[in-house]
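Note that the coordinates shown come from a computational prediction; the quantities given were computed from them, not determined experimentally. In what follows, chains are A, B, ... by sequence order, proteins preceding strands, each numbered from 1.
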Amino acid sequence: MLRLYNTLTRREEEFAPLRDNTVRMYACGPTVYARAHIGNFRTFVCVDVLRRTLKYVCGYLVREVVNYTDVDDKTIAGAQQAGKPLREYTEHWIGAFRADAGQLGLELPEETPRATDDLNLRAMSDMILTLERNGHTYRRDGSVYFKISTLPEYGKLARLDHEGMRDGARVDVDEYSKDDPRDFVLWKASKPGEPSWDFGAGPGRPGWHIECSAMALRLLGEAPIDLHAGGIDLIFPHHENEIAQSEGATKREFARFWLHVEHLFVENEKMSKSLGNVYTLAEIAARGHRASALRYLLLSSHYRKQLNFTWTGMDQAEEALRRIVDFLARLETVTAAGEHPAVRQAVDRARADFRAALQSDLNTAAALAAIFDLVRDVNAAIDARQIAAPDAMAVRAAIDEFDQVLGVVSLRQAEDAQPPVPVEEIERMIEERKAARRRRDFAAADAIRTSLADRGILLEDNPGGTRWKRK
RNA sequence: GGCGCCGUCGCCAAGUGGUAAGGCAGAGGUCUGCAAAACCUCCAUCUCCGGUUCAAAUCCGGACGGCGCCUCCA
């Protein structure tokens with residue numbers, strides 16, 4: 001049984017979908033005005049592992065919605081600056097996001113709606129009209145606001161202290177038009193030069209929070225949905241306001257489980273543009289690192305702990321992953337017939353440990369340890385010749401199974417399949433080197449190895465022959 | 001001012017009452033034309049001080065240190 005920490009209750013709870021063995025989940029996606037940074041991707045990678053755990057460990061069906069926020073102050077400003085229509089401008093950044101997501105091995109969610117799709121704008125307007133009928137709103141200067149005093153439950157997710165948050169708390173003073181500073185806008189009145197739609201709530205554009213409520217319920221069906229996820233900073237105000245909107249409109253609980261991923265730091269500092277430490281995947285690659293290593297690094301600690309990104313951390317991740325990939329290559333060399341119960345036992349143990357780790361609030365660090373335990377045991381078995389081909393296949397199957405969830409080995413192998421030197425050339429040089437070694441011309445053999453190494457290809461002489469791999 | 005989190009080997013990181021997983025790096029050894037890979041051995045008593053307990057890294061109290069949210073933010 002999967003146990004997940006639920007922000008709503010601040011406790012770990014057993015998770016199961018409400019109906020049909022299908023998990024209906026929603027995760028807040030990116031605002032598409034720039035390339036997403038690695039902090040964003042920490043959240044998306046963790047949500048991806050959650051998704052895969054639900055599917056491959058728990059055996060549930062998953063229906064996941066991840067939105068693209070394609071209308072807000074930043075996207076509008078960006079489009080204006082670029083001199084492009086909003087839709088075209090955001091299209092470009094959606095493409096960039098999908099490319100990065102692909103490199104990081106993120107599974108595609110079932111739905112990736114855009115806020116400005118007509119169906120979604122209509123759903124938002126309908127929800128606002130319902131909120132209006134339910135007495136949760138007021139209008140001012142063409143905008144529609146949510147009146148939080150109409151919802152006694154307001155603040156239950158963030159555990160807001162309604163009295164205590166005055167001194168020191170910075171309150172938005174320029175929003176003078178609101179009754180209460182913490183009331184929030186559902187629909188913004190149209191302004192000259194800004195895109196505007198009218199699906200019943202009046203001419204204007206959506207506020208920040210309404211899209212998620214409307215799209216989640218439109219695409220996932222009746223409330224409550226099973227699970228809602230996002231970065232920890234979204235707890236307040238975004239998720240709190242999503243709850244207010246959804247519950248105010250449907251009069252039912254919005255989401256049963258809330259899962260929040262802690263922040264990624266860079267060299268012990270919060271990522272911020274002024275510090276110049278906001279990295280994108282492209283910048284990681286420019287430093288010679290691979291997406292697979294970043295994914296590994298992101299999974300090497302628990303999602304509810306702050307993770308400090310460092311370049312030495314990336315190096316360590318590269319090496320750790322290499323150990324697994326080298327191991328898999330070595331497994332291929334096992335050809336003996338027979339069967340060894342000790343290997344099977346190690347596989348069974350790894351399976352049990354791996355599963356238990358993920359079921360325990362997605363403990364990916366412990367899950368990785370289960371893999372390394374297996375790697376060590378089986379490597380020792382190979383050295384001792386206490387393993388046969390069928391055993392090796394069983395080991396391979398287990399690792400494939402683990403990687404369905406972690407998604408890190410297959411990613412690395414796909415990268416390795418595209419070496420910096422053409423495969424035919426590598427193979428030709430291996431042959432030349434083999435000939436040199438045969439005539440005991442080790443100087444020539446080593447020269448070949450060195451020259452390939454300089455071009456990013458390492459050679460490894462094994463009993464069965466020479467293997468190449470990317471540096 | 002309010003709410004909350006964290007402090008485990010040189011680095012990363014599990015473990016949250018039963019006597020310290022795993023990875024990286026390092027030392028010694030085996031194997032190897034050399035190298036690589038692999039294996040074996042070695043490498044921490046958990047920030048500090050008190051307390052509870054037969055037993056605490058794990059619970060309680062305090063100190064010190066780091067961080068988050070309350071405002072756009074994954």
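- A donor-acceptor pair under 3.5 Å is absent between the side-chain atoms of D403(A) and the main chain of L406(A), judged by distance alone.
- Among the heavy atoms of the strands lying under 4.0 Å from L264(A) is at least one base atom, whether or not backbone atoms are also near.
- Proximity of the aromatic rings of H37(A) and Y279(A) is defined here by a centroid distance below 6.0 angstrom, and this criterion is not met.
- When both pairing distances are held under 3.5 Å, G1(B) makes a Watson-Crick or G-U pair with C70(B).
- Pair assignment for C42(B): G26(B), on the basis of Watson-Crick or G-U wobble contacts that are both within less than 3.5 Å.
- Residue-to-nucleotide contacts include a donor-acceptor pair under 3.5 Å from the side chain of D461(A) to the base of C34(B).
- Checking C9(B) for Watson-Crick or G-U wobble geometry (two distances, each under 3.5 Å) identifies no partner in any strand.
- If you find the closest nucleotide of RNA chain B to L297(A) and to F372(A), the one lying nearer the 5' end belongs to L297(A).
- Scanning atom types as modelled, one donor and one acceptor separated by under 3.5 angstrom connect the side chain of R449(A) and the base of A35(B).
- Rounded to whole angstrom, the span from the CH2 atom of W311(A) across to the C1' atom of C24(B) amounts to 17 Å.
- In the interface, the side chain of R10(A) is not paired with the base of G4(B) through any donor and acceptor atom under 3.5 Å apart.
- Between the side chain of R376(A) and the base of C39(B), no donor-acceptor pair of N or O atoms lies under 3.5 Å.
- Among the heavy atoms of the strands lying under 4.0 Å from G230(A) are primed sugar atoms or P, OP1, OP2 only; no base atom is included.
- L234(A) comes within 4.0 angstrom of sugar-phosphate atoms only, judged by non-hydrogen atoms across all strands, and of no base.
- A donor N or O paired with an acceptor N or O is found under 3.5 Å between the base of C11(B) and the side-chain atoms of Q316(A).
- Checked for salt-bridge contact, E240(A) and R159(A) miss the test: no charged N lies under 4.0 Å from a carboxylate O.
- If you look at Y303(A) and Y5(A), their ring centroids are not closer than 6.0 Å.
- If you check distances only, the side chain of D446(A) does reach the base of G33(B) with a donor-acceptor pair under 3.5 Å.
- Comparing L368(A) and F44(A) against RNA chain B, the residue whose closest nucleotide sits nearer the 5' end is L368(A).
- Using Watson-Crick or G-U wobble geometry with both donor-acceptor distances under 3.5 Å, A63(B) finds its partner in U47(B).
- Looking at E318(A), its side chain does come within 3.5 Å of a backbone N or O of R290(A) through a donor-acceptor pair.
- With rounding to whole Å, L294(A) atom CG is found 17 Å from A74(B) atom P.
- Residue A369(A) is classed as a base contact, given a heavy-atom separation below 4.0 Å to a base.
- H238(A) comes within 4.0 angstrom of nothing in the nucleic acid, heavy atoms only.
- Annotation: F15(A) is in aromatic contact with F257(A) [ring centroid separation under 6.0 Å].
- Residue-level contact check: R323(A) touches the backbone only, with heavy atoms under 4.0 Å from sugar-phosphate atoms and none from bases.
- One interatomic measurement links the two molecules: CG of D373(A) to C1' of A13(B), which rounds to 14 Å at whole-angstrom precision.
- Because its NZ or CZ atom is not both nearer than 6.0 Å to the ring centre of W93(A) and within 45° of the ring axis, R35(A) does not count as a cation-pi partner of that residue.
- Between H228(A) and W258(A), the ring planes lie parallel to each other; the angle is under 30°, not in the 30° to 60° tilted range.
- Contacts of R433(A) with the nucleic acid, taken as non-hydrogen atoms under 4.0 Å apart, include base atoms.
- Counting non-hydrogen atoms under 4.0 angstrom, E319(A) reaches the backbone sugars and phosphates but no base.
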Look for any protein N or O under 3.5 Å of an N or O in nucleotides 65-67 of chain B and output each such pair with its distance, or none.
unit_1: C67(B); atom_1: O2'; unit_2: Q306(A); atom_2: OE1; d: 3.2
unit_1: C67(B); atom_1: O2'; unit_2: Q306(A); atom_2: NE2; d: 2.8

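- In this structure, H260(A) reaches neither bases nor backbone, as no heavy-atom distance under 4.0 Å exists between it and the strands shown.
- Note: H260(A) and H239(A) meet the aromatic proximity criterion, with ring centroids under 6.0 Å apart.
- We find that CZ of R385(A) is positioned 19 Å from P of U30(B), with the value rounded to whole Å.
- We find that CG of N363(A) is positioned 7 Å from P of A14(B), with the value rounded to whole Å.
- Shown here, G17(B) forms no base pair; nothing in the strands shown gives a Watson-Crick or G-U wobble contact with both key distances under 3.5 Å.
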